[in-house]
Amino acid sequence: MSETGIGARVTRKEDFRFVTGRGTYTDDINRPNQLWMWLLRSPHAHARLKKIDTTAAAKMPGVHAIFTHDDLARDNVGGLPCGWLIHSKDGSPMVEPPHPVLAAGVVRHVGDPIAAVIAETRAQAREAAEAIEVDYEVLPAVVDTREAIKDGAPQIWPEAKNNTCFDWHLGDKDAVDKAFAKAAHVTKLDLVNNRLVPNAMEPRAAIGEYDVATGEHTLWTTSQNPHVIRLLMGAFVLHIPEHKLRVVAPDVGGGFGSKIYHYAEEALVTWAAAKVKRPVKWTADRSESFMSDAQGRDHHTHAELALDKDGKFLGLRVSTLANLGAYLSTFSTSIPTYLYGTLLAGTYTTPAIYVETRAVFTNTVPVDAYRGAGRPEASYLLERIVDLAADELGIDPAELRRRNFIPKDAYPYQTPVALQYDSGDYFTTLDMALKAADYANFEARRKEAASRGKYRGIGMATYIEACGIAPSAVAGALGARAGLYEMAEVRVHPTGSVTLFTGCHSHGQGHETTFAQLVADRLGIPIDQVEVVHGDTGKIPFGMGTYGSRSLPVGGSAIVKALDKVVAKGKKIAAHLLEAAEADIEFKDGKFQVAGTDRAKTFGEIALTAYVPHKYPIEELEPGLDETAFYDPKNFTYPAGAHVVEVEIDPDTGVVELKGVWAADDFGRIINPMIVEGQVHGGLAQGIGQALLEHCVYDDSGQLLTGSFNDYAMPRADDLPSFHLGTNATLCTHNPLGVKGCGEAGAIGSPGAVMNAIVDALSPLGVKHIDMPASPRRIWETIQAHRPRMAAE
Amino acid sequence: MPTVSMTVNGKKVSGTVEPRTLLVQFLRETLGLTGTHVGCDTSQCGACVVDIDGDSVKSCTILAVQCEGANVTTIEGLANGSELHPMQEAFREHHGLQCGFCTPGMIMSAVDLVKKNPNPTEQEIRHWLEGNLCRCTGYHNIVKAIEAGAKAMGARK
């Protein structure tokens, strides 16, 4: 392995600009003559807009224009589209209400935008927005899915009876019923997957610009997938053809899913810039992020697991209420369905599985993918119910898992919920994590803690995720309204350096390094001769962006395909130069060589020949060395692993202290272990945050109670320990690198491991389940409720 | 509108600002020093930390006019040309950043920690960073980077 090749811990090429404060995030960009936009947002969760009076506001200093829905309607501006059509059990399509860019007569969640003020400065726009007079007729609101589906609940959309968007299912119900009929034991569990706010550290921002001379529109935006935004906004909302619309996503400060979607503000600045003929900029403050970035999770689930007398799983029955919020965000409908139900086999051989998901509108911010997206919800419920079953049957939870793991020799393994796993080894990762955590000697630590008056517990969770959602044809058959391939262009320059254009987008993942390693390794050139370009529809032919841990499995595979084309063309050129048969040319370590001889041409010589084709097979071959490839995967990839967590609980305060966090993961082949470890660390922190701290809360009237970092508990450095990681690779069998993806794993496995550890710690009190987040108050109350009553009471 | 003068990254600067202008706005908008970031509106996230007269301060919590005559160092002023400050180098070496958005505030905060506590323990580092949020790294490598940066800063003296 070279110092910069596949498998090397290469420090990141992008870091110099970031550690010196010279990154370029959207809010760092200012266009000449730009104006600012501020949005008047609804303070009510549900209200009719009886009158919007902008007269006074329009006279405020610096104000250029104030736009409402009527202005957009006059220009035939469309609504924000949803990218995945789900069908209900009865075959009917989901209810798909309109999603206007600015509220059309009714607001449906706190933060729903009503009017856009364009002014000279941000402060002037904000002050004018505050001067707009709106006559609201406040309507009853509903925020909890269990309430929203009841008869008589406030109706958010007239076309969605009982606020139901769809009632979807997957699996063989009869087979599951039969499995339960013959079960020796059935474990039942009700649980909540708490609503989260993604909170990338960079708030969303957007700048629109219109060039009167050329008719071209440019949008700079905080996006994970600029081509997707160009397509959605151009085709569905603003009706701008792609050749007149450029979307740039420069340095982006984290996404975690929340920057996948097409948001109203992107359309507004683009449209308004053309209206006022000046660039228009908008940057969210954090309060706006809390009430306008798509949120995550929010499930209420009832699950039942049927087991035989030996603890083998016979069947799983799951019923979930999923909160969609007030509108359908871009990929919202795919999350609690095809990215959730299909994962319910987990790492186990459960032969019969049936899942039904009822997706519900509420007066809350829209819900969509957040790191893991459906897969953490599936993994959490599985790992909780498996632990509960182990407790009920008196079987060690590790042993129960091993009895049900998919055997190592069973791949490819077809699950009863549509997926076919290509490779894996769940035994080894579980054993690695347990060994690292010294699971065997845990009871001594429990006893020692008890002697100090503390409750100590250990918990584990295994997980599997499906990454690089694909193939396009299958996703399309299931309702996806997009393709799911990726594109790469390898542009070899005359002197042999390379610019790689990727359709993926890096917003922290380090593609500029990992992808450069891949190119340098394959072409045998120094890594500093490779530049990675991403995030600009004006430079990159096409791309689907970065989400769902797809960049390496899908984007990396496209790069390999393009590199293969470069090498193939290089061989033709070399054969001509070396007067040898093409079949005799080998490419190795940056040299095209006639096999078995010392006659060779370097990569640089071939590149130069391609652009200076004096001695060149010009009749058969075009000059130039610039190859593009699209890669549409054959299957998902299936990263998997095991997380173990040990906790100690102080019964006087309810505070949970993390004594250790161990992860053992299988990501297939690893290009840069340093970057992979960083991805796992971050995922673990978000998963632990969900388990212990984070909870997005609305009151009954729909007010967002956790609308700032004062109220929403983000994990801080002193909430977390250092983590212990390990990996064991089984290679993906259907992509050229054998890679599986690593971006979401940490957030998928850890919530279950933390909660299993907490329940284990409190098991001496008879505690069987606690919902997330396990806040000190919730833990303390649980302990009080389960403690034997004192004699004095 | 009042005029404010201060020294930023060793250079004397002045500007005319609205009285309500925050230091971070003065740095980003008037001076074009966009390395100092704004990640929240409640002084929680620490992306805007700069050094004012030897102390790390959230530049969103102080008005520009309060900094009259002050000596301000931002992330742009930390490196010596292309030679990184040892703390910047440590963040790069130990993968203490991913998206990079919290990074300037983290580094400025870390430098101040090490000035005040040259050999911080892991717990002291974690406690010090309570005012700096990161969503990408889980803090693991930030802590490692600060441990290494502290050693390197000590060795440089």
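Excluded from the calculations below are hydrogen atoms, water molecules and symmetry mates; all remaining heavy atoms, backbone and side chain alike, are included. Note on naming: letters A, B, ... go to the chains in the order of the sequence lines (proteins, then strands), and numbering restarts at 1 for each one.
- Proximity to chain A (any heavy atom under 4.5 Å) is shown, for B:Gln123, by neither the backbone nor the side chain.
- Checked for salt-bridge contact, A:Asp719 and B:Arg126 miss the test: no charged N lies under 4.0 Å from a carboxylate O.
- A donor-acceptor pair is defined here as one N or O able to donate and one able to accept, closer than 3.5 Å; no such pair exists between the side chain of B:Glu130 and the backbone of A:Arg716.
- Salt bridge present: B:Arg20 and A:Glu127 bring a charged side-chain N and a carboxylate O closer than 4.0 Å.
- For the pair B:Arg135 (side chain) and A:Met714 (backbone), a donor-acceptor distance under 3.5 Å is absent.
- The shortest non-hydrogen separation linking A:Met674 to B:His95 is O-CD2, 3.2 Å.
- The candidate with the highest count of non-hydrogen atom pairs below 4.5 Å against chain B, out of A:Thr24, A:Val680, A:Ile688, A:Ile675, is A:Ile675.
- Counted by atom type alone, B:Arg92 and A:Thr20 present zero donor-acceptor pairs between their side chains at under 3.5 Å.
- For the set A:His507, A:Glu14, A:Arg12, the entry with the most heavy-atom pairs within less than 4.5 Å of chain B is A:Arg12.
- In this structure, A:Tyr25 and B:His37 have perpendicular ring planes: the angle between them is above 60°, well past the 30° mark.
- Using modelled atom types, one side-chain atom of B:His140 and one backbone atom of A:Phe723 make a donor-acceptor pair closer than 3.5 Å.
- In this structure, CG on A:Asp28 lies 11.0 Å from CG on B:Leu33, to the nearest 0.5 angstrom.
- Going from atom CD of A:Glu202 over to atom SG of B:Cys99 covers 7.5 Å, rounded to the nearest 0.5 Å.
- Of all the listed residues (A:Ser708, A:Ser287, A:Ala284), the one sharing the greatest number of non-hydrogen pairs under 4.5 Å with chain B is A:Ser287.
- We find that A:Lys281 and B:Glu29 are not joined by a salt bridge, their nearest charged nitrogen and carboxylate oxygen being 4.0 Å or further apart.
- Residues B:Cys40 and A:Arg286 share a closest heavy-atom pair of CA-CB, 3.5 Å.
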